[in-house]
Amino acid sequence: MNAFRFRRAAIAVTAAAVLPLTLTACGGDDSSSDTAADKASSSAPADEKSSPAADDTAPMDGPFGPACASVPQDGAGSFDGMAQDPVATAASNNPALSTLVTAVKKAGLVDTLNNAQNITVFAPTNDAFAKIPKADLDKVLADKEMLTSILTYHVVGEKLSPKQLESGTYDTLQKSTLATKGSGENYTVNDTSKVVCGNVPTANATVYIVDTVLMPKA
């Protein structure tokens, strides 16, 4: 009888010892699940916050500047139309560049510009030419050598991106250099001529329309 009581007491003690361990193990599983859930929930907002950042870093693309608003919306003189033609032909379809086109024809540079590859043209507007006194402009237009020198000074033998215009010095077809500086949508050439509509594509060139005629340094 005493032996039976002893065995029953031993079983009770063993059960009492095992039960807390079982409860502890169950509690540990719940804690791990809660921790995993917390990590999952905390990581979700981070992913959501990171996705819009890519849009903020998109590079500037396409034409920019106040004078771009005056470019025709459709037809050969529009941005889409100009992109299909070589630069001299493209300029002839833009009403704001008619004086430049006249000058290019007088200098016999139409084929030279149309056949060149991967160039940048700083194209003065009609208003830019109007800043020159009429007598002086007529004299330049009548002097083919001088006119050629001035016009080829507006041409760089590589395509320049807006980023390259931020600070640079470039060789021109006239054999001297011009300098650019600026940022965003504000750029100047030689500190005097402002880009009023930039990054305009043509079939063989990138065009930056400027508000002042550039004069060669030599």
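In what follows, residues are counted from 1 in the order of the sequence shown.
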_Can you tell me if Lys139 has over 12 outside heavy atoms packed within less than 6.0 Å of its NZ?_
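It does not: Lys139 NZ has 12 such atoms or fewer within range.
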*asked:* Is it the case that over 12 heavy atoms from other parts of the model lie below 6.0 angstrom from the CG atom of Asp74?
replied: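 Open: at most 12 neighbouring heavy atoms sit under 6.0 Å from CG of Asp74.
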Sub-3.5 Å donor-acceptor pair from the side chain of [X] to the main-chain atoms of [Y], do we have one?
{"X": "Tyr208", "Y": "Leu165", "value": "no"}
{"X": "Asn114", "Y": "Ala88", "value": "yes"}
{"X": "Asn94", "Y": "Gly77", "value": "no"}
{"X": "Asn204", "Y": "Leu113", "value": "yes"}
{"X": "Thr99", "Y": "Asn126", "value": "no"}
{"X": "Gln84", "Y": "Gly81", "value": "no"}
{"X": "Thr120", "Y": "Glu158", "value": "yes"}

*May I ask whether Val207 and Leu100 are part of the same hydrophobic cluster, defined by side-chain heavy atoms of I, L, V, M, F, W, Y residues being less than 4.5 angstrom apart, directly or through others?*
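In one cluster with Val207: Leu100, yes.
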*Please assess Thr180 against Phe122 for the test side-chain contact (heavy atoms from CB on, under 4.5 Å), listing each intermediate value before the final yes or no.*
CA-CA 11 Å; Thr180 62; Phe122 294 94; 4.2 Å; yes
Are any non-hydrogen side-chain atoms of [X] and [Y] less than 4.5 angstrom apart?
{"X": "Val213", "Y": "His154", "answer": "yes"}
{"X": "Asn190", "Y": "Tyr153", "answer": "yes"}
{"X": "Ile132", "Y": "Met215", "answer": "yes"}

Distance from [X] atom [atom1] to [Y] atom [atom2], nearest 0.5 Å?
{"X": "Lys106", "Y": "Thr148", "atom1": "NZ", "atom2": "OG1", "answer": "12.0 Å"}
{"X": "Lys131", "Y": "Asp211", "atom1": "NZ", "atom2": "CG", "answer": "4.0 Å"}
{"X": "Ser149", "Y": "Leu173", "atom1": "OG", "atom2": "CG", "answer": "11.5 Å"}

*Determine, stepwise, if the pair Thr172 / Thr152 fulfils side-chain contact (heavy atoms from CB on, under 4.5 Å).*
CA-CA 7 Å; Thr172 70; Thr152 53; over 6 Å; no
*Go through the steps for Asp85 and Thr202 under the test side-chain contact (heavy atoms from CB on, under 4.5 Å), then give the verdict.*
CA-CA 6 Å; Asp85 292 320; Thr202 72; over 6 Å; no
